[in-house]
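Computed from a predicted model, the values in this text were never measured in an experiment. Just so you know, these numbers use all the heavy atoms, side chains as well, and skip hydrogens, waters and symmetry mates.
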Number of protein chains: 2
Amino acid sequence: MNTTTRPVKLERPILSVDVVLLGIYRGSLSVVLYTRDKEPYKGARALPGVAVRTDETLEAAAIRALKERIGDPASNERVYLDQLAAFDGLHRDPRGRTVSIAYIGLIQADTAARYEKFREPAANIREGDLPFDHHLILRTAITRVKGKLRYTNIAKAFLPEYFRIEALQEVYEAFLGHSLNRSNFRNKLLKIKLIEQTDVLQEAVGKKGGRPPHLYRFTQDGVYAQDRDFV
Amino acid sequence: MNTTTRPVKLERPILSVDVVLLGIYRGSLSVVLYTRDKEPYKGARALPGVAVRTDETLEAAAIRALKERIGDPASNERVYLDQLAAFDGLHRDPRGRTVSIAYIGLIQADTAARYEKFREPAANIREGDLPFDHHLILRTAITRVKGKLRYTNIAKAFLPEYFRIEALQEVYEAFLGHSLNRSNFRNKLLKIKLIEQTDVLQEAVGKKGGRPPHLYRFTQDGVYAQDRDFV
DNA sequence: GCAAAAGTGTTGTGACTACACCCATGG
DNA sequence: CCATGGGTGTAGTCACAACACTTTTGC
């Protein structure tokens with residue numbers, strides 16, 4: 001680790017990462033924020049982020065951001081991480097020119113549930129509620145995930161290995177922003193073999209009634225519509 | 001411009017941009033490279049790139065990279081520029097930790113034709129032909145454009161305002177890597193209103209014969225399948 | 001029995017594929 | 001009149017949306 005002082009031109013932007021950590025909580029899309037304890041924007045709720053070190057990859061920096069800003073809950077879980085984009089407005093950070101590489105992080109419902117103090121329904125967050133350009137980053141992240149739901153098995157990241165098919169539908173509905181036809185949803189996802197039925201039945205815990213559902217899981221072959229033909 | 005010397009921690013990655021400049025030349029996909037005149041990899045053909053300054057956006061740096069590395073031909077033309085991704089391998093640059101934001105640049109056929117010394121058919125470039133991780137960047141760029149052809153009017157960037165419908169088909173075929181049915185291609189693009197027929201006829205220049213084609217142009221409404229429903 | 005939730009089946013509509021065919025021009 | 005490339009039409013197949021119906025549970 002080289003921390004010696006020596007002449008250096010200051011013509012270099014600072015590089016940081018910010019993480020948009022998303023999960024479905026009680027059927028609606030939530031984002032995990034933390035409260036800043038330093039200036040600028042001290043006291044504001046913001047996306048977890050850190051400056052990138054020379055000896056770590058961007059993804060490693062993203063994981064560190066989660067550890068340092070949010071702490072325990074995520075560190076033991078596997079978090080799906082995906083690079084989103086670089087945000088580079090000249091004045092996005094009052095401390096000086098900073099380019100941020102944003103990452104999308106996706107967590108399971110039960111993990112999301114444990115982020116008591118951090119989680120926030122995404123729908124409640126309006127332009128101006130977040131510092132820096134974090135609102136733009138958040139919107140971009142949601143749009144990206146929405147797009148990926150169409151042609152990848154990205155929804156897998158929100159669910160445990162075995163899940164009710166309705167829980168999956170809730171994921172889709174939370175992102176697409178409207179309700180879907182139950183039986184068509186089911187028929188389609190089974191036909192394209194994105195998911196498959198298992199012979200496991202859900203044990204009834206706190207259910208009011210109704211037929212106990214089979215549990216489903218994602219099939220192996222991930223991306224499915226990527227290579228569909230155009231004409 | 002602050003270039004004074006003063007104590008600074010060296011724990012910051014360098015930030016650069018690289019541009020994958022693509023065009024269709026004689027029906028096949030070409031990429032614009034330049035010959036490096038400095039170490040490392042002096043003499044090698046590489047993607048044009050520069051280190052980012054604090055007072056310029058990433059896109060501005062991408063434009064500067066084209067100017068400084070390739071020079072005139074592109075500077076007068078409008079180049080479609082789109083951010084691709086950040087490439088961040090710890091050892092991708094032997095000079096030290098450098099994170100590169102890659103941009104995709106798309107140019108028209110006639111512009112591509114003028115890049116005599118720079119252009120290279122993408123199909124000829126194999127793993128190991130390019131320095132740094134430029135081969136990975138190139139592949140990623142092509143995959144991205146291929147995807148965008150499906151649901152945006154990105155092909156517009158490769159063509160002049162008025163074009164033969166067959167020239168458009170060549171763009172699609174160059175990226176998709178296989179030939180398409182002529183009449184289905186035509187019917188589909190017209191039905192989804194990505195393009196429209198004009199009453200301009202192509203004047204016969206060096207044509208061997210055949211019915212003179214109408215010229216077409218892209219309609220206003222750009223992206224078209226983005227909000228198509230999933231189920 | 002009734003409500004609730006899971007799961008199956010049907011039917012009309014519309015899109016896509018693979019062709020075959022017609023049109024207009026140069027030589 | 002023929003080769004060449006542009007442009008139109010059609011029939012079979014398949015996917016999708018909407019909706020009705022059946023099954024299995026809790027109370």
Side-chain angles (χ1 to χ4, degrees), chain A residues 26-27 109 149-151 159-160 162-173 176-217 224-231, chain B residues 26-27 109 149-151 159-160 162-173 176-217 224-231:
Chain A
R26 291 187 196 276
L149 283 175
R150 288 175 198 285
Y151 60 89
L159 297 169
Y162 293 85
F163 52 86
R164 288 179 310 121
I165 206 166
E166 224 202 344
L168 177 61
Q169 187 171 338
E170 279 173 7
V171 172
Y172 276 81
E173 291 178 342
L176 299 182
H178 59 86
S179 60
L180 300 171
N181 181 291
R182 188 174 49 87
S183 81
N184 289 340
F185 180 80
R186 169 199 187 74
N187 291 336
K188 172 156 184 181
L189 294 205
L190 286 172
K191 180 150 45 83
I192 64 178
K193 294 202 170 70
L194 185 72
I195 60 174
E196 62 192 6
Q197 201 179 55
T198 69
D199 43 10
V200 186
L201 287 182
Q202 178 169 52
E203 67 280 27
V205 274
K207 284 192 66 192
K208 298 199 197 79
R211 175 173 174 173
H214 285 89
L215 294 183
Y216 294 76
R217 69 177 158 211
Y224 60 94
Q226 190 72 287
D227 49 20
R228 217 173 99 197
D229 259 355
F230 182 89
V231 180
Chain B
R26 291 189 197 275
L149 283 175
R150 290 174 195 287
Y151 60 90
L159 297 170
Y162 294 85
F163 52 86
R164 287 179 312 120
I165 205 165
E166 224 203 343
L168 177 61
Q169 187 171 338
E170 279 173 7
V171 171
Y172 276 81
E173 292 178 342
L176 299 182
H178 59 87
S179 61
L180 300 171
N181 180 292
R182 187 173 51 86
S183 81
N184 290 340
F185 180 81
R186 171 200 186 74
N187 291 336
K188 173 157 183 180
L189 293 203
L190 286 171
K191 179 152 43 85
I192 64 177
K193 293 204 169 71
L194 185 73
I195 60 173
E196 62 192 5
Q197 202 179 54
T198 70
D199 43 10
V200 186
L201 287 183
Q202 178 169 51
E203 66 279 25
V205 272
K207 281 193 67 191
K208 299 199 196 80
R211 176 173 173 175
H214 284 90
L215 294 183
Y216 294 76
R217 68 177 157 212
Y224 59 93
Q226 191 71 288
D227 48 21
R228 216 174 99 196
D229 258 354
F230 181 89
V231 180

Using whole Å, report how far CG of B:N181 lies from P of C:dA15. 18 Å

B:K188 vs C:dC16: side-chain N/O to OP1/OP2 distance below 4.0 Å: yes

Please report the distance, rounded to the nearest Å, between CG in B:L194 and P in C:dA15. 16 Å

Could you tell me how far apart A:R164 (CZ) and C:dA5 (C1') are, to the nearest whole angstrom? 9 Å

Check: protein-nucleotides 8-10 of chain D nitrogen or oxygen pairs below 3.5 Å:
from: D:dT8; atom 1: OP2; to: B:R186; atom 2: NE; distance (Å): 3.4
from: D:dT8; atom 1: OP2; to: B:R186; atom 2: NH2; distance (Å): 2.9
from: D:dG9; atom 1: O6; to: B:S183; atom 2: OG; distance (Å): 3.2

Whole-Å distance separating the CZ atom of A:R211 from the P atom of D:dT22: 14 Å

Applying salt bridge (Lys or Arg N to Asp or Glu O under 4.0 Å), can you list everything that pairs with A:R182, at least two apart in sequence or on another chain? none

Of all residues at least two apart in sequence or in a different chain, which pass the ring-ring contact (aromatic ring centres under 6.0 Å, His included) check with A:Y216? none

Going from CG on A:L168 to CG on A:L149, what distance comes out if it is rounded to the nearest 0.5 angstrom? 9.0 Å

Going by the rule side-chain hydrogen bond (donor to acceptor under 3.5 Å, both in side chains), which residues pair with A:Q169 if we only count those two or more places apart in sequence or in a different chain? A:E173

Can you tell me how far C1' of C:dT8 sits from CZ of A:F185, to the nearest Å? 17 Å

For B:R26, salt bridge (Lys or Arg N to Asp or Glu O under 4.0 Å) partners two or more places apart: none

Figure out the CD1/C1' separation between A:I192 and D:dC14, and round it to whole Å. 15 Å

What's the CG-P distance between A:L168 and C:dG7, to the nearest Å? 13 Å

Rounding to a whole Å, what distance do you find between A:I195:CD1 and C:dA6:C1'? 13 Å

If you compare every side-chain N and O of A:K191 against the phosphate oxygens of D:dA15 (OP1, OP2), does one of them come in below 4.0 Å? no

Between D:dG7 and B:H214, is there an OP1 or OP2 to side-chain N/O distance shorter than 4.0 Å? yes

Salt bridge (Lys or Arg N to Asp or Glu O under 4.0 Å): pairs with one or both residues in residues 191-201 of chain A, sequence neighbours excluded: A:E196-A:R217

